[in-house]
Amino acid sequence: MRDVAVIGVGMIPFGRRDQDTLMDMLAYASMKALDDAGLGDKGVDALYVGNMGAGILQHQSSIASALVDRLSLLPAAAEAIENGPASGGSAVKNGVLAVASGYYDVVLVAGGEKMREVTGWRATDFVATMTHPEVEYPYGITLPGMAGMFTRLYMEKYGLTREMLVEVAIKNQKMGALNPYAHVEMMITKEGIYESPHSVVNNPPAADPLHLYDACPVSDGAAALVLCPLEMAAKLTKNVPVLVAGFGQATDTHTLQERDDPTDLKAVTLAAQQAFERAKLKPEDIHVAELHDAFTVLEIAESEHVGFFKKGEGGKAVLAGKTRLGGKLPINVSGGLKARGHPVGATGVAQVVDIVWQLRHELPEDRQVKNAQNGLTVNFGGFGNNVVCFILRRVEQ
Amino acid sequence: MAVDMELESVLRPPEFPQAPYPPKVITLANGKRMVVREVTRADVPQLLKSVHPTLFIDRDYYNVVGARVYAELIAWQYYRVQNEYVLVGQVDGLVAGIVNGRLYSPKVGMSLHTLAIDRGLRIGAHLFAAKMEHHIEYLNQDEVLIVAESPIGFRRWMIEYGLEPTTIPHELGGAPSYKLTRELYFKSKSRLVVGDRPVPQDLMDVAQQDLTVATEKAIREKIAGLKGR
């Protein structure tokens, strides 16, 4: 297996992009990644596209081959990967495997979703199609509903508090306000969403005990990256190559009710263990992480399940400022899904793009983790039933 | 415009006595304080500047709501609407949103429009609540007739307040009509209606002295977002 490097990355601002089609967004992000790598439109062997909902939301299929044509990359091989909200991570994983195997040299991976052309209700229903079609979906379960129940159990078992969740929301929206690619560019305060009696309207319950500001927005957006063998990177690009040092992927039961302990995100633990093993690194070697905070509780739970903190300690770490920029382990410096947004098929790719920017030391001072060498991503599909984890490493030239 | 007061006495609708809305202050999610207060006809020219950019925003039905609010403000300014009132939300003097309504009769209110200029802070939810508070608690009405012109409005009013459908037609074009009763209002009040009174004098002074309006570009960006990139 060959070592694989990320040599180009691109993203478009997430948010509500009424003027763009899904294909427009995927093309813009792809062109940015190709330009960043210095490749132009030449030499791409294969394209993988992460997307969950084009068939439902846009009534469109075969988007990967359409994108190849749109980008004038014919006759590159093309495949769309649908894996729920982990579609982006899965697309990156398949791209990495394709290069690592030696079959392709240059692979473009794009992820995108256009969710805002339907109402919030329809978008929630669309995301809920990942739940079990016989024992969950017909009974009205939604992802916020699942997250609410998970949070209640986590509070009871590990002493998680609303204050901890509030701090995650404030931290991530603060970082989002600094990120030109973020959907939510508004800072919030503890007084405004938690302490003031007026917060009952500002931050109403969404799925008890989760409130409005505990959830990510419904977003449009796309991100892309270019992969090649590490040994070819210097010939193809002037960018500092970022090595895909390790990855892992694991699944858990489709329904939450079948898990021995619903608070145990086994797929996160297993995916992270695989990634650390392949990268020959430990959690304490990670300098920056992008975790899948579709709900604030998930940032805390995932930070524990990947091994950054012991169970029950993740929330305390947030309160202590350990996960802020400048803290011991900055998490979701991009603003995370909470503020950068969550166009589901784009998220897993965007997380890797953000970590690549961190490891190339290209971000402005107010968003750059100083001297970051290793970064980790967790892309969380379903309610933890399909998780992809990457560890990336800066390669000094 | 020259006004013939003799003719005006014929043209102007007769009005019922109408209690004022006592101003209040609300802490928003971003920690800023929004003063909610009743404005007068003299404020209309300034408010129109705030509404005008929305006429051309084809998003979330802002053009529909904006055009109607624009007309309602002018009609109110020239005494062509009976018993209308207008409340504004101001943050540091800047107009963040406008709501209006009127008394259909002493006991029945007619909710007109809710226009949030600043978005993402539940300005519309706060101002709509203030409007309902005014009808029920200060104008002492029994019910308020309401229609929604956007999906956001439907969610905010019909669902969050649990409004009751009614066959009484609303004067805004025949859309399905709903009503907020006193019972429904007080049932929802603790979770939907907030604000502190009295408003600290320094905040009130800024609100009254600086009824300021963001630039047309800023208003468009606030409403439509910055993501046209």
Side-chain angles (χ1 to χ4, degrees), chain A residues 11-20 24-25 28-29 32 116-124 166 169-170 173-174 176-177 179-205 211-213 217 219-222 339-341 343, chain B residues 24-36 57-62 89 91 96 116 118-130 132-133 148 150-156 158-161 188-197 220-229:
Chain A
M11 201 185 306
I12 59 171
F14 288 10
R16 182 170 157 177
R17 300 182 64 103
D18 292 349
Q19 74 282 17
D20 298 324
D24 289 338
M25 295 192 299
Y28 298 154
K32 284 186 165 196
R116 295 298 299 250
E117 70 185 10
V118 297
T119 62
W121 293 321
R122 301 259 181 239
T124 301
V166 163
I170 293 169
Q173 288 208 202
K174 180 184 174 188
N179 182 353
Y181 296 96
H183 182 167
V184 180
E185 299 171 296
M186 183 186 78
M187 284 196 250
I188 49 178
T189 64
K190 192 171 183 179
E191 182 190 17
I193 68 164
Y194 181 61
E195 292 174 337
S196 162
H198 305 171
S199 68
V200 68
V201 177
N202 298 334
N203 191 18
H211 289 236
L212 176 69
Y213 282 101
S219 314
D220 301 332
R340 185 187 55 220
Chain B
K24 66 179 179 180
V25 61
I26 298 169
T27 301
L28 300 173
N30 61 4
K32 293 192 174 182
R33 265 92 178 148
M34 177 170 75
V35 173
V36 183
I57 298 175
D58 183 12
R59 181 174 199 170
D60 296 333
Y61 303 90
Y62 262 88
V91 177
D118 210 348
R119 298 192 76 182
L121 289 165
R122 292 182 63 87
I123 300 283
H126 281 304
L127 291 180
F128 181 82
M132 295 305 116
E133 180 186 37
S150 72
I152 295 172
F154 187 83
R155 191 173 69 227
R156 290 268 191 275
M158 282 62 187
I159 294 179
E160 290 193 7
Y161 285 80
S188 305
K189 184 181 174 183
S190 63
R191 62 184 174 85
L192 295 172
V193 186
V194 296
D196 295 333
R197 295 185 172 94
R220 282 171 182 272
E221 285 177 352
K222 280 174 187 290
I223 292 171
L226 299 167
K227 302 300 183 187
R229 297 174 284 194

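Remember, predicted model here, so these are calculated numbers, not experimental data. In what follows, chains carry the letters A, B, and so on, assigned in the order in which the sequence lines appear, proteins first and then strands, with residues in each chain numbered from 1.
In this structure, the portions of B:D60 lying under 4.5 Å from any heavy atom of chain A include both its backbone and its side chain. For A:P197, the part sitting under 4.5 Å from any heavy atom of chain B is the backbone (N, CA, C, O) and nothing else. Contact of A:I170 with chain B is not made at all, since no heavy-atom distance falls under 4.5 Å. Of the two parts of A:M186, only the side chain, counted from C-beta on, holds a non-hydrogen atom closer than 4.5 Å to a non-hydrogen atom of chain B. The contact between A:Y213 and chain B is made entirely by side chain atoms (from C-beta outward), counting heavy-atom distances below 4.5 Å. With a 4.5 Å cut-off on non-hydrogen atoms, A:D18 touches chain B through its side chain but not through its backbone.
Smallest separation of non-hydrogen atoms from A:A177 and A:M187: CB-CG, 3.8 Å. Smallest separation of non-hydrogen atoms from B:H126 and A:N202: NE2-OD1, 2.6 Å.
For A:E117, the side chain to side chain contact (heavy atoms under 4.5 Å, CB included) partners are A:Q58, A:K114, not counting sequence neighbours. Not a single side chain to side chain contact (heavy atoms under 4.5 Å, CB included) links A:S199 to another residue, sequence neighbours left out.
No side-chain heavy atom of B:F128 sits under 4.5 Å from any side-chain heavy atom of B:E160.
Looking only at heavy-atom pairs under 4.5 Å with chain B, the residue among A:I193, A:N203, A:T189, A:D220 that has the most is A:T189. Between chain A and the residues B:A129, B:G195, B:S190, the most heavy-atom pairs under 4.5 angstrom are made by B:G195.
Between atom CZ of residue A:R16 and atom OG of residue A:S219 there is a gap of 12.0 Å, rounded to the nearest 0.5 Å.
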